[in-house]
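Along the sequence shown, residues are numbered consecutively beginning with 1.
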Amino acid sequence: TILSLLMILTLVRAERPVIHRQSRARAFIQSQCQTTLYPDLCIRSLSYYAVNFTTTLSHRKLAQFAVKVSLAKAESTRAYITGVANHLNQTKDKGYLSVRECLDRINDGVDLLTNCIKEAQKIKEDGGNNNDFPWRASNIQTWMSSALTDVSVCVDGFSGRALGGKTKAMIKAKVLNLQQLTSIALALFNRFAARYRSTHVVIKP
């Protein structure tokens, strides 16, 4: 019927802006990820936000999403290593101490990335109260750099046969992935911060 046809046309027109925004968000993610050391991983890890994002995706939001992805990976990595550490402790395995040291590093990383998200949420999109931006940006960059260092040296304590090959390989794989995601988050935040500084007049206190 004519009424049904009109309803279908209305729905199609309503969906077009959403699809267009999703397409723009996906293209934006792809272009920004090319500035990181791991563009393919960057695109894969952030593509979820293109599918579920229905408004304009900004540099600030993309950086925040990247930190959230890194934190989620840090938490899942911590959960896995905690399980390994508990098992080694119960069995009195000599590899426990090296895994425990790695776990301490990951715990620090989780705390630092959590702080980064909280601090980033205080940065206004429109530049309001931007006199505190240099301080907040410096905090975030310092914390993310420290988190990156933590995950980078996580497995430095593993040596010889103190830990089973398969377990060691699994931990290293997870930590490497976390290291790459944290590197991506830091690169995207640095890009956002540079753009923010160039487009906003920062008032010195």
Side-chain angles (χ1 to χ4, degrees), residues 29 32-33 35-49 52 62-123 135-193:
I29 289 172
Q32 295 305 306
C33 282
T35 67
T36 70
L37 292 176
Y38 313 100
D40 292 339
L41 175 61
C42 178
I43 292 170
R44 288 198 306 273
S45 64
L46 294 173
S47 60
Y48 165 83
Y49 295 99
N52 293 276
L62 184 62
Q64 287 181 328
F65 291 153
V67 179
K68 288 180 179 179
V69 169
S70 180
L71 175 59
K73 183 62 181 180
E75 291 174 335
S76 66
T77 301
R78 177 173 65 179
Y80 176 79
I81 298 177
T82 296
V84 173
N86 289 340
H87 173 72
L88 295 177
N89 189 36
Q90 291 172 0
T91 58
K92 308 299 181 182
D93 193 291
K94 58 184 179 180
Y96 170 74
L97 291 179
S98 59
V99 173
R100 180 69 242 184
E101 183 178 348
C102 179
L103 181 58
D104 289 341
R105 293 282 187 172
I106 298 300
N107 280 329
D108 288 342
V110 169
D111 291 340
L112 289 166
L113 291 170
T114 300
N115 290 340
C116 287
I117 290 177
K118 292 178 180 178
E119 193 79 336
Q121 290 172 341
K122 298 174 184 177
I123 297 175
W135 176 64
R136 296 195 186 284
S138 178
N139 285 341
I140 294 170
Q141 290 166 326
T142 299
W143 292 335
M144 270 203 282
S145 295
S146 297
L148 187 57
T149 298
D150 279 330
V151 298
S152 297
V153 302
C154 175
V155 293
D156 283 357
F158 295 166
S159 60
R161 300 183 178 225
L163 188 64
K166 184 178 292 186
T167 301
K168 183 192 296 186
M170 181 64 73
I171 292 177
K172 283 188 173 182
K174 289 181 177 295
V175 171
L176 176 60
N177 187 235
L178 172 57
Q179 179 183 356
Q180 292 172 341
L181 289 172
T182 305
S183 170
I184 289 169
L186 179 56
L188 292 177
F189 182 82
N190 286 341
R191 188 169 177 81
F192 154 69

Donor-acceptor pairs under 3.5 angstrom involving side-chain atoms of residues 82-89: please list them, not counting sequence neighbours.
{"from": "T82", "atom 1": "OG1", "to": "R78", "atom 2": "O", "distance (Å)": "2.7"}
{"from": "N86", "atom 1": "ND2", "to": "T82", "atom 2": "O", "distance (Å)": "3.3"}

If we only count heavy atoms from C-beta on, is the V175 to I81 side-chain gap below 4.5 Å? yes

Rounded to the nearest 0.5 Å, how far does CD1 of I171 lie from SG of C102? 6.0 Å

Qualifying side chain to side chain donor-acceptor pair (under 3.5 Å) pairs with a residue from residues 63-72, counting only residues at least two apart or across chains: S70-T182

Using side-chain heavy atoms (C-beta onward) and a distance below 4.5 Å, is R105 in contact with V153? yes

State, with a plain yes or no, whether a side-chain heavy atom of I123 is found less than 4.5 Å away from one of F192. yes

Check the pair D40 / R44 against salt bridge (charged side-chain N to carboxylate O under 4.0 Å, His left out), numbers first and verdict last. CA-CA 6 Å; D40 292 339; R44 288 198 306 273; 5.3 Å; no

Closest contact, heavy atoms only, S183 versus L148: N-CD1, 4.0 Å

Test side chain to side chain contact (heavy atoms under 4.5 Å, CB included) on L41 and N177; report intermediate values, then the result. CA-CA 9 Å; L41 175 61; N177 187 235; 3.8 Å; yes

What is the minimum heavy-atom distance between L46 and I29, and which atoms define it? O-CD1, 3.3 Å

State the CD1-CG distance between I140 and L112, to the nearest 0.5 angstrom. 12.5 Å

All heavy atoms of A74 vs all of V110, minimum pair found to be CB-CG2, 3.8 Å

Side-chain contact test, heavy atoms from C-beta onward, threshold under 4.5 Å: evaluate it for D150 versus I106 and give yes or no. no

Roughly how far, to the nearest 0.5 Å, is the CZ atom of R100 from the CG atom of N107? 6.5 Å

Distance from Y38 atom OH to C33 atom SG, nearest 0.5 Å? 13.5 Å

Output the distance between atom OG1 (T77) and atom CG (L178), rounded to the nearest 0.5 Å. 5.0 Å

How far apart are the closest heavy atoms of Q179 and S152, and which atoms are they? NE2-OG, 3.4 Å

Strictly by side chain to side chain donor-acceptor pair (under 3.5 Å), give each pair with a member in residues 135-145 just once, sequence neighbours left out. E119-R136, E119-N139, D132-R136, Q141-N190

I need the T167 OG1 to Y80 OH distance, nearest 0.5 Å. 5.5 Å

Quick one, L188 and C42 - any side-chain contact, counting heavy atoms below 4.5 Å? yes

Evaluate the side-chain proximity of K118 to T114: yes if any heavy-atom separation is below 4.5 Å, no if none is. yes

